[in-house]
Engineer: 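For reference, the structure I am asking about is given below.
All chains are named by letter (A, B, ...) in the order of the sequence lines, taking the proteins before the strands, and each is independently numbered beginning at 1.
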Amino acid sequence: MEIPLSWYLILAAILFAVGVYGALARRNAIAILMSIELMLNAVNINLVAFARYVTPRELTGQIFAIFIMMLAAAEAAVGLGLVLTVYRNLRHIQVDEINLLRS
Amino acid sequence: MNLPITLTGIVEGALAPLGLQGLTPLVVYLLDALIILLLLIMPVVTILIWLLRKMLGFIQRRLGPMRVGPFGVLQTIADAVKLFHKEDLFPANADRVVFALAPFLVFVPAVLVYVVIPFGQGDGFVTKDLSVGLVYLTAVTSISAIGIITAGWSSDNKWSLLGGLRSAAQLVSYELPMTLALLGPPLMAGTLSLSGIVAAQQSVWFVVPQALGFLIYFIAALAEIAHLPFDLPEAESELVAGYNVEYSGMRFGLFFLGEFANSFTICLVATVLFLGGWHLPFLGGLPLTSWQTGLATVATMALLGGGIWYLNWRRAGWTSATRWHWLGYVSAAILAAIVLVAGLVGFISVVITLVKTSLLVFVLMWLRGTLPRVRVDQLMSFGWKALVPLGLVNFLALAFQAATGIPTGWVLNLLFFVFVGWLLLFAWRKRWAYSAVS
Amino acid sequence: MATETKQTSEPDGVLRLGGPGLAAEPTGDIHEIETDHLEVSMGPQHPSTHGVLRLKVKLDGEWVTEVQPEIGYLHRGVEKIAENRTYFQFLTITDRLDYVAAMACNAAYAVAVEKLAGLTVPPRAELCRVIVQELDRIASHLVSVGTYGLDLGATSPFIYAFRDRETILDLLEMVCGARLTYSYIRVGGVARDLPEGEWRTRFRQFLDEFPPMLDEQDTLLSENEIFLLRTRGVGVLPPEVAVNYGTSGPVLRGSGVAYDVRRSKPYGLYPQLDFNVVTRPTGDCLARYQVRVEEMRQSVKILRQCDQLLDEIPPGEVLAKGARGVKPAAGEAYASVESPRGEMGVYLISDGSNKPYRLKWRSPSFVNLSVLSAIGRGWKVADLVAIIGSIDPVFGDVDR
Amino acid sequence: MSAHQLAFLVLGVLILVSALMVVTVRNLVHAALFLILCFAGVAGLYVLLQAEFLAVAQVLIYIGAITVLILFGIMLTRKITGGAQPPLASHWKAAGAGAGAFLLLLLYVAMTGQWQVSDQPPMDSTTTLGLALVTRYVLPFELASVVLLAALVGAVLLARDETR
């Protein structure tokens with residue numbers, strides 16, 4: 001083991017935080033989608049690293065990572081469908097200005 | 001028969017004196033890909049472009065390139081030199097970085113594919129025989145879509161944008177049937193490694209039990225590389241030139257090269273997955289280095305080559321018969337000599353693969369010379385309403401066969417053969433009726 | 001005008017134009033996903049607009065919601081030039097109008113001046129005129145059909161078409177020394193008689209060899225499923241619209257209206273010749289394409305009869321007396337011929353001098369092109385290309 | 001420092017820098033391109049972790065499918081790619097503080113956590129994965145396919161024009 005497991009964990013933690021920041025701070029819905037993908041990737045790094053270091057004979061983490069990828073694909077498709085619908089109706093996709101319930 | 005050393009071995013050996021022995025395999029593969037690019041792909045693509053133009057010329061009753069070098073062989077190089085000389089133009093409102101980057105996003109994946117492809121038997125002829133080779137293949141080819149979209153977007157040109165959007169839709173749609181068809185060979189071979197798939201075709205090429213899958217793959221791959229009749233992203237007459245309309249100089253050349261590299265790639269993949277790779281028909285069991293096989297190949301090649309050139313000469317469609325017919329014998333002889341030498345030095349498996357590939361490439365050019373272009377909605381409905389369901393049925397049948405042993409895949413393909421036969425008969429009768437009238 | 005055509009209007013008398021998406025409302029909701037509207041300019045350097053046509057196209061995604069032809073990029077003021085040339089001199093200018101079929105332009109002008117001046121054309125010259133016009137019609141239709149394949153992405157038919165056109169151009173070159181701007185049909189006759197000997201042999205050889213070659217080339221397109229997909233039912237021009245816009249030629253006959261100047265307002269030798277006026281009832285791009293191909297076959301039929309007539313009408317005078325310095329009496333005349341693109345008419349007013357007082361050129365391409373904004377809406381960009389190609393405008397003729 | 005560690009550091013810097021660009025850059029297409037770079041870096045990490053299949057799947061799904069989809073979405077909503085509007089919401093400082101606090105928590109767990117690192121050699125990942133997916137994890141696998149189908153139908157329904 002040349003690379004300590006903690007390196008991967010730290011990297012994933014930073015990546016996840018960056019994703020959280022993006023999801024909270026960006027105004028554009030598509031940018032938020034991208035931030036969410038970053039967070040999912042951070043989780044995947046963790047899972048695969050654990051699979052490699054903790055349970056190398058079972059690879060459970062990799063299986064979870066595969067499921068996350070599947071869900072990410074589904075999420076991207078549905079998310080973009082939503083974004084397009086919003087865009088069609090409002091002609092913009094700035095999330096902090098989407099306040100249909102308020103008016 | 002194997003080369004004594006592998007390409008990866010060479011790269012690792014070269015890195016050793018630098019103290020970089022333990023360099024990650026990723027870097028090694030990248031270097032390998034670079035070497036392959038320089039040594040194999042560039043010459044192949046260069047020759048391929050020349051060949052394509054010659055064949056198109058043959059189909060269209062003209063000579064094709066003739067000026068640079070003997071029979072215009074060096075035309076492609078001349079073109080490349082010209083493209084390098086040309087000014088590298090950037091449109092005023094273009095997104096410069098993305099604009100500059102996009103051609104590489106198209107070209108590099110086209111080259112990276114070759115890392116996993118076994119050109120011949122043995123470890124010497126494949127850069128890295130990944131255990132997930134087939135998935136790697138689909139993954140890498142899917143990248144080029146990004147290059148096309150970003151090229152269209154960054155040009156700040158409405159036509160380019162339309163081309164980019166078209167290709168985004170097209171590539172995403174046809175990836176599905178292509179992948180469905182690609183799932184067939186590993187189902188039968190039981191491995192995702194491309195060498196393993198070729199090895200599994202020793203007795204029967206997969207094109208026989210999976211003719212439908214082969215056809216689906218080939219059609220979908222045509223759409224993936226935007227080849228006629230599916231070349232909508234760059235339809236000259238509709239979108240001017242689509243996503244690459246603003247490109248000039250070598251950046252345009254990269255698109256161009258990537259396109260031709262891709263057309264070679266899909267034929268190579270089809271050869272490896274469906275046409276038995278380096279296996280000869282009916283001779284799969286024989287050791288390839290034996291003299292008999294070599295001689296049989298030479299004879300076949302000479303006959304084939306001679307026959308083609310004889311027909312060519314008889315038709316005399318593209319040149320005057322008296323001046324050129326000797327070229328047929330010369331090229332047949334050269335071909336035979338290459339095959340003979342290759343057979344002697346254990347290179348023959350590569351030659352067989354490449355010959356099969358070039359036959360498929362000829363089919364591509366044939367299509368290019370014959371077909372008009374479909375419309376974008378027709379393209380979509382064909383992909384979703386014909387290819388995807390067919391691919392699903394094919395995959396299900398093959399999977400059922402693999403799981404239970406009941407030969408559903410064979411039945412499906414038998415039906416398919418009957419259908420194709422009926423179609424051919426129909427076309428032939430129609431043709432016959434037509435010629436009888438006129 | 002023959003109007004025994006299929007009525008395609010709806011019972012309520014409203015014409016339905018455009019594609020399937022437009023059946024309900026021409027500018028309605030025709031998209032799956034709402035995208036931004038694009039206003040693009042097709043041409044004048046767009047590769048498929050057949051010259052210097054510029055189209056202002058409004059796109060909704062791939063759908064064309066509005067199309068407006070912008071012309072005039074090739075305007076040379078031909079009609080004004082005519083007022084400063086003698087009747088005889090102006091002939092060379094007419095070559096530059098429909099440069100794909102210059103013989104028809106020569107003929108239209110010559111026929112008009114002859115009608116104005118009351119000149120009688122010698123029979124041998126009439127025969128020469130029919131031969132070169134029909135040859136030129138084939139050459140022009142070959143260009144049209146070949147480039148039509150190119151518009152739809154098929155490259156080979158174009159090459160095949162130009163191979164055959166080359167033979168025709170060789171023949172015409174032997175006749176008059178020019179391959180494009182012939183100036184062969186003169187006011188009062190033709191420049192000189194058709195050459196004997198080798199020309200005749202090659203002419204007959206062409207008549208024998210061309211039909212199978214045409215069949216081969218036609219097979220490449222009209223038996224190709226993709227070509228049929230791209231043209232059948234696309235750009236339907238209902239006969240009423242075609243007539244109302246004043247279209248003529250293959251565009252009109254493709255909509256089922258059997259109007260051909262050679263039949264309807266006969267001139268020259270045509271009344272004696274046996275040929276069919278080709279029509280197709282459907283009015284789509286395929287119909288217009290088929291009309292052109294079939295017209296080439298009819299032209300071969302005419303040329304075969306002319307080949308016999310060449311032996312029956314002895315060589316002799318080919319230019320009427322006094323044609324060179326023709327000075328018509330004050331008056332006006334309109335005469336037209338059937339050019340490959342339709343009715344090509346010339347309206348002339350004479351004030352008694354040796355120059356036209358006024359010349360008006362009724363060019364078929366111009367009129368045919370005007371129908372584009374009516375039938376171009378509601379199709380996709382790719383269809384628009386197919387429609388332009390099937391209308392086959394020549395810009396020397398449109399812009400004059 | 002070994003070559004593996006060097007490669008990890010290079011990839012890590014690549015991933016983090018491009019991720020930061022994704023969340024800050026104004027132009028959405030640029031953000032998507034940086035996202036690709038980030039995904040590619042993660043794929044490289046998977047190679048380092050000897051998870052070949054996952055690396056390839058990462059390229060296939062994230063780069064080849066999701067990013068293309070995102071780019072397509074960006075271009076369909078073309079007017080919003082760049083322009084005058086600020087990319088960040090007004091509460092970006094609060095968001096940054098929140099994310100920073102969360103990061104500290106995560107880092108604390110990552111640094112102090114005691115993990116039982118096994119030194120056994122890893123399995124041949126592809127075969128093991130394939131077997132596991134159709135044996136032990138077959139139910140989640142099927143459920144995931146149902147989710148994918150539902151997402152497919154849902155996306156189509158959403159993107160459809162309701163007027164038709």
Engineer: Show the numbers, then the answer: is there a side chain to side chain contact (heavy atoms under 4.5 Å, CB included) between A/R26 and D/L28?
Structural biologist: CA-CA 11 Å; A/R26 292 293 294 236; D/L28 270 186; 4.0 Å; yes
Engineer: Does any pair with a residue in residues 132-141 of chain D pass salt bridge (Lys or Arg N to Asp or Glu O under 4.0 Å), and if so which ones, sequence neighbours excluded?
Structural biologist: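 Counting only pairs at least two positions apart or across chains, the salt bridge (Lys or Arg N to Asp or Glu O under 4.0 Å) contacts touching residues 132-141 of chain D are A/E58-D/R136.
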Engineer: Nearest 0.5 Å please: distance from the CG atom of D/L107 over to the CZ atom of A/F16.
Structural biologist: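 Between atom CG of D/L107 and atom CZ of A/F16 there are 12.5 Å.
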Engineer: Side chain from CB out, backbone as N, CA, C, O: work out which of these in D/I61 comes under 4.5 Å of a heavy atom of chain A, or both, or neither.
Structural biologist: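 It is the side chain, since no backbone atom gets that close.
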Engineer: Which atoms of D/A19 are under 4.5 Å from chain A, going by heavy atoms: the side chain, the backbone, both sets, or neither?
Structural biologist: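 Backbone plus side chain of D/A19, per the 4.5 Å heavy-atom cut-off to chain A.
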Engineer: With a 4.5 angstrom heavy-atom cut-off, which part of A/T55 approaches chain D: side chain, backbone, both or neither?
Structural biologist: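 Contact with chain D is absent: no heavy atom of A/T55 under 4.5 Å.
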Engineer: Could you note down all residue pairs passing side chain to side chain donor-acceptor pair (under 3.5 Å) where residues 145-154 of chain D supplies at least one of them, sequence neighbours left out?
Structural biologist: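 Output for this query is empty, none listed.
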Engineer: Does any heavy atom of chain D fall under 4.5 Å from the side chain of A/N44, the backbone, both, or neither of them?
Structural biologist: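 For A/N44, the contact with chain D is made by backbone and side chain together.
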Engineer: Checking heavy atoms, do the side chain of D/Y137, its backbone, both or neither come under 4.5 Å from chain A?
Structural biologist: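 The answer is both parts of D/Y137.
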Engineer: For D/V147 and A/F67, run side chain to side chain contact (heavy atoms under 4.5 Å, CB included): C-alpha distance rounded to whole Å, both residues' side-chain angles, the deciding distance at 0.1 Å, then the answer.
Structural biologist: CA-CA 11 Å; D/V147 169; A/F67 285 131; over 6 Å; no
Engineer: How many angstroms lie between atom OG1 of D/T24 and atom OH of A/Y21, to the nearest 0.5 angstrom?
Structural biologist: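 Rounded to the nearest 0.5 Å, the OG1-OH separation comes to 7.5 Å.
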Engineer: So which atom in A/L80 and which in D/L69 form the shortest heavy-atom distance, rounded to 0.1 Å?
Structural biologist: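 That closest heavy-atom pairing would be CD1-O, 3.3 Å.
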Engineer: Walk me through whether D/F39 and A/E37 qualify under side chain to side chain contact (heavy atoms under 4.5 Å, CB included).
Structural biologist: CA-CA 9 Å; D/F39 288 159; A/E37 299 296 344; 3.8 Å; yes
Engineer: Is chain A contacted by the side chain of D/F141, its backbone, both, or neither, given a heavy-atom distance below 4.5 Å?
Structural biologist: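 For D/F141, the contact with chain A is made by backbone and side chain together.
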Engineer: So what's closer than 4.5 Å to chain A heavy atoms on D/A32: side chain, backbone, both or neither?
Structural biologist: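 Both backbone and side chain.
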Engineer: Locate the shortest heavy-atom distance separating D/L106 from A/A13; write the atom from each residue and the value.
Structural biologist: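 Nearest heavy atoms, D/L106 then A/A13: CB-CB, 3.7 Å.
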Engineer: Please state whether the side chain, the backbone, both or neither of D/L35 comes within less than 4.5 Å of a heavy atom of chain A.
Structural biologist: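 Only the side chain of D/L35 comes within 4.5 Å of chain A.
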Engineer: Side chain to side chain contact (heavy atoms under 4.5 Å, CB included) for D/L45 and A/L11? Distances and angles first, verdict last.
Structural biologist: CA-CA 11 Å; D/L45 276 191; A/L11 176 66; 3.3 Å; yes
Engineer: Report yes if some heavy atom in the side chain of A/M69 is under 4.5 Å from a heavy atom in the side chain of D/L60; otherwise report no.
Structural biologist: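 Side chain of A/M69 against side chain of D/L60, heavy atoms only: no contact under 4.5 Å found.
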Engineer: Considering only heavy atoms, which portion of D/L16 lies under 4.5 Å from any heavy atom of chain A: side chain, backbone, both, or neither?
Structural biologist: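 Just the side chain, heavy atoms under 4.5 Å.
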Engineer: For A/Y8 together with D/F8, are the ring centres under 6.0 Å from each other?
Structural biologist: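 Yes, the ring of D/F8 comes within the 6.0 Å limit of the ring of A/Y8, centre to centre.
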Engineer: If I take atom CG from residue D/L54 and atom CZ from residue A/R52, how far apart are they, to the nearest 0.5 angstrom?
Structural biologist: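 Answer for the CG-CZ pair, D/L54 versus A/R52, is 13.5 Å.
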Engineer: A/L15 versus chain D, heavy atoms under 4.5 Å apart: side chain, backbone, both or neither?
Structural biologist: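 Its backbone and side chain both get close to chain D.
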Engineer: How close do D/I66 and A/A76 get, heavy atom to heavy atom, and via which atoms?
Structural biologist: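 Closest approach of D/I66 to A/A76: CG2-CB, 3.8 Å.
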Engineer: To the nearest 0.5 Å, how far apart are CD1 in D/I15 and CG in A/N41?
Structural biologist: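 These two atoms lie 8.0 Å from each other.
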Engineer: Taking all atoms of both residues into account, what is the closest heavy-atom pair of D/V23 and A/S35, and its distance?
Structural biologist: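 That would be CG1-OG, 3.7 Å.
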Engineer: Looking at every heavy atom in both A/A74 and D/L148, which two are closest together, and how far apart are they?
Structural biologist: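 Heavy atoms of A/A74 and D/L148 come nearest at CB-CD2, 4.0 Å.
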Engineer: Kindly give the heavy-atom pair with the smallest separation between D/Y46 and A/I45, and that separation in Å.
Structural biologist: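 In terms of heavy atoms, the two residues are closest at OH-N, 3.8 Å.
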Engineer: With rounding to the nearest 0.5 angstrom, report the CG to CD distance, D/L129 to A/Q62.
Structural biologist: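 If we round to the nearest 0.5 Å, D/L129:CG and A/Q62:CD are 5.0 Å apart.
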Engineer: Select one option (side chain, backbone, both, neither) describing which atoms of A/L5 are under 4.5 Å from chain D's heavy atoms.
Structural biologist: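 A/L5 touches chain D through side-chain heavy atoms alone.
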Engineer: Looking at D/A31, D/A95, D/C38, D/G154, which one has more heavy-atom pairs under 4.5 Å with chain A than the rest?
Structural biologist: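 Ranked by heavy-atom pairs under 4.5 Å with chain A, first place is D/A95.
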Engineer: Is A/L40 close to D/Y62 at the side-chain level, that is, under 4.5 Å between some pair of heavy atoms?
Structural biologist: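 When only atoms from C-beta onward are counted, A/L40 and D/Y62 do touch, with a gap below 4.5 Å.
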